[in-house]
Novice: 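I have a structure I would like to understand better, so I am pasting it below and will then ask my questions one at a time.
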Amino acid sequence: MNILICNAGSTSLKFKLWSMPELSALAEGRVERVGSDSAIYAYRRGDFETRAEGLTVPDYTAGVRLFLNSLTDASHGAISSLSEIAAGGFKTVLSKDFYGVHELTEDVKAGMRAYMAVAPAHNGPYLEAIAVFEALLPDAPRIGVFETAFHTTIPLERRIYPVPYEWYEKYGVMRMGYHGASHGYIAERLKAYRRVISCHLGGSGSLCAILDGKSMDNSFGFSLQAGILHAQRTGDMDVYIIPYLLEQGLSMDEILDGLCKNGGLKGISGTSGDLRDVQTAANAGSARAKLAMEVYVTQLLRYIGAYFMELSGVDAFAFTGGIGENSWRLREMVLDRLAHIGAKYDRALNRRVSGERLISTPDSAVAVHVIPANEELMVVRAVWTWLNNSERK
């Protein structure tokens with residue numbers, strides 16, 4: 001059985017076609033900078049790899065079609081027809097009243113639309129991608145693996161906001177926790193350690209406190225707007241900034257654009273918000289780009305410090321996600337400021353280009369791992385289990 005997994009990030013699309021149950025990856029692809037004229041597309045099948053830069057990928061529909069065309073290409077495609085795909089799996093984010101693993105029925109999609117204001121950068125792209133699959137693969141079931149599932153173990157005292165209690169009871173206002181597939185994979189890979197702080201850093205980022213393989217806290221809040229700053233989203237901020245800016249004459253649409261599309265690394269640095277661009281600008285002497293990097297590191301340290309206290313220490317750190325895996329500079333900026341807790345690392349190992357590895361030295365008080373994200377693996381396992389359970393009903 002071939003199962004195609006789609007992972008729609010806030011600025012990216014990732015795909016992987018799996019042959020099950022042997023968990024063999026037949027092909028994979030990635031589209032970065034969706035919604036721009038400088039998109040990057042990469043596709044790999046076996047020993048064949050191709051990469052193109054400077055593409056115009058205006059939306060997620062175009063990104064999905066780009067990969068499906070590669071998948072059925074006569075020369076390097078993994079399948080001859082889309083009909084060979086038995087099911088589509090999605091690393092979905094949030095749906096009202098639906099958690100865990102669900103077939104993406106009209107009710108589940110309605111729940112996603114009901115939370116569109118909570119996760120606009122994610123639910124919109126996913127609904128768009130799901131619609132493409134519905135049109136092109138009408139007979140293949142579409143399964144959503146929601147990011148909130150891994151975080152249901154977070155104690156209530158760390159989930160609830162200090163708001164009127166009826167807001168929690170009536171409206172479900174609480175910390176949800178996201179990036180569940182990524183942090184769940186880290187928990188699995190580092191199960192030898194009791195206390196783990198997982199740092200998923202990419203277009204959006206979050207930290208997770210993991211105890212005995214279970215999520216104990218996550219830097220996201222009710223929405224994916226909270227926590228550390230993101231590529232274009234602000235992260236944590238004082239809510240009273242909003243009524244103040246309204247008094248200054250800004251419209252709510254202008255404020256929301258500032259919070260969700262023109263904030264974060266982009267807002268501070270004045271670049272695209274892609275950390276690679278920020279680092280390039282910083283190297284060229286941009287004071288704002290340097291400031292953005294320092295703010296990023298400061299916010300990471302703030303959450304690391306909080307989770308260090310909540311876990312009563314830490315046995316291992318993990319850096320994952322596009323930035324966490326690939327930016328040795330950011331890792332060094334963080335780890336240099338953790339020397340006081342005994343964190344030591346090998347600079348040569350840290351600066352190695354790619355690959356999962358332990359970068360801490362033997363005398364480090366805490367293990368430091370770089371682990372490429374494998375959210376698609378966690379999703380395809382969940383989809384496979386769901387399909388098998390459905391067949392037994």
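The shown structure was predicted, so the numbers you read here are calculated from the model rather than taken from an experiment. Quick note: residue numbers are just sequence positions, from 1.
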Novice: Of all heavy-atom pairs between I5 and V383, which one has the smallest distance, and what is that distance?
Specialist: CD1-CG2, 4.4 Å

Novice: Okay, side chain of D236, backbone of G227: is any donor-acceptor separation there less than 3.5 Å?
Specialist: yes

Novice: Hey, could you give me each pair passing ring-ring contact (aromatic ring centres under 6.0 Å, His included) that has a residue in residues 169-189? Not counting sequence neighbours.
Specialist: Y178-F220, H179-H200, H179-F220

Novice: As a test of understanding, state which of V145, T385, V379 forms a side chain to side chain contact (heavy atoms under 4.5 Å, CB included) with V101.
Specialist: V145

Novice: To check you understand the geometry: which heavy-atom pair defines the closest contact between A62 and V57, and what is its length?
Specialist: CB-CG1, 4.1 Å

Novice: Got a sec, which hydrophobics cluster with I154, joining ILVMFWY side chains under 4.5 Å apart, including via others?
Specialist: none

Novice: Are F222 and L229 connected, step by step, through hydrophobic side chains (Ile, Leu, Val, Met, Phe, Trp, Tyr) whose heavy atoms are closer than 4.5 Å?
Specialist: no

Novice: What verdict does the side-chain hydrogen bond (donor to acceptor under 3.5 Å, both in side chains) test give for T361 and D363, after you've listed the backbone C-alpha separation in whole Å, the side-chain angles of each residue and the deciding distance to 0.1 Å?
Specialist: CA-CA 5 Å; T361 60; D363 61 338; 2.6 Å; yes

Novice: Looking only at atom types and distance, does a side-chain atom of N218 sit under 3.5 Å from a main-chain N or O of L207, one as donor and one as acceptor?
Specialist: yes

Novice: Are the side chain of R233 and the backbone of L224 linked by a donor-acceptor contact shorter than 3.5 Å?
Specialist: yes

Novice: Is any NZ, NE, NH1 or NH2 atom of the basic residue among R33 and D277 found under 4.0 Å from an Asp or Glu carboxylate oxygen of the other?
Specialist: yes

Novice: Which residues pass the ring-ring contact (aromatic ring centres under 6.0 Å, His included) test with F90, sequence neighbours left out?
Specialist: F133

Novice: Determine whether a donor-acceptor pair (N or O, by modelled atom type, separation under 3.5 Å) exists between the side chain of N123 and the backbone of V93.
Specialist: no

Novice: Test Y43 against F48 for side chain to side chain contact (heavy atoms under 4.5 Å, CB included), laying out the working first.
Specialist: CA-CA 8 Å; Y43 172 80; F48 173 78; 4.0 Å; yes

Novice: Grab the two heavy atoms, one from G205 and one from S219, that are nearest each other, plus how far apart they are.
Specialist: O-OG, 4.5 Å

Novice: Return yes if a side-chain donor-acceptor contact under 3.5 Å exists between S215 and H151, otherwise no.
Specialist: yes

Novice: I need the full list of ring-ring contact (aromatic ring centres under 6.0 Å, His included) pairs touching residues 315-354, with sequence neighbours left out, sorted by first then second residue.
Specialist: none

Novice: In chain order, what residues pass the side chain to side chain donor-acceptor pair (under 3.5 Å) check against R142, with sequence neighbours excluded?
Specialist: none

Novice: Nearest 0.5 angstrom please: E22 CD to M1 CE, how far?
Specialist: 11.0 Å

Novice: Where the side chain of R329 meets the backbone of Q279, is there a donor-acceptor pair that is under 3.5 Å apart?
Specialist: no

Novice: Is any NZ, NE, NH1 or NH2 atom of the basic residue among D336 and R347 found under 4.0 Å from an Asp or Glu carboxylate oxygen of the other?
Specialist: yes

Novice: Does I228 share a hydrophobic cluster with I241, counting links as ILVMFWY side-chain heavy atoms below 4.5 Å and allowing steps through other members?
Specialist: no

Novice: Between atom CD1 of I268 and atom CG of N262, what is the distance when rounded to the nearest 0.5 Å?
Specialist: 13.0 Å

Novice: Could you state the interatomic distance from CD1 (I197) to CG (L338), rounded to the nearest 0.5 Å?
Specialist: 8.5 Å

Novice: When you measure from the side chain of H122 to the backbone N and O of P120, does any donor-acceptor pair fall under 3.5 Å?
Specialist: no

Novice: NZ of K16 to CZ of R30: how many Å apart, nearest 0.5 Å?
Specialist: 11.0 Å

Novice: Quick check against the 3.5 Å criterion: does S95 have a side-chain atom that pairs as donor or acceptor with the backbone of F98?
Specialist: no

Novice: Any sub-3.5 Å donor-acceptor pair from Q225's side-chain atoms to L259's backbone N or O?
Specialist: yes

Novice: How many angstroms lie between CG in L156 and CZ in R159, if you round to the nearest 0.5 Å?
Specialist: 8.0 Å

Novice: Mind checking the CG-OH spacing from D217 to Y307? Nearest 0.5 Å is all I need.
Specialist: 4.0 Å

Novice: Walk me through whether E106 and K109 qualify under salt bridge (charged side-chain N to carboxylate O under 4.0 Å, His left out).
Specialist: CA-CA 5 Å; E106 290 304 317; K109 290 187 293 180; 2.9 Å; yes

Novice: Can you give me the closest heavy-atom contact between S251 and L246, atom names plus distance?
Specialist: C-CD2, 4.1 Å

Novice: Could you report the tightest heavy-atom contact between F150 and C208, atom names first, then the distance?
Specialist: CE2-SG, 4.1 Å

Novice: Without swapping roles, check the side chain of D315 against the backbone of R195 for a donor-acceptor pair under 3.5 Å.
Specialist: yes

Novice: Taking only residues two or more places apart in sequence, or in another chain, which ones meet Y161 in a ring-ring contact (aromatic ring centres under 6.0 Å, His included)?
Specialist: none

Novice: Can you give me the closest heavy-atom contact between R337 and V297, atom names plus distance?
Specialist: CD-CG1, 3.7 Å

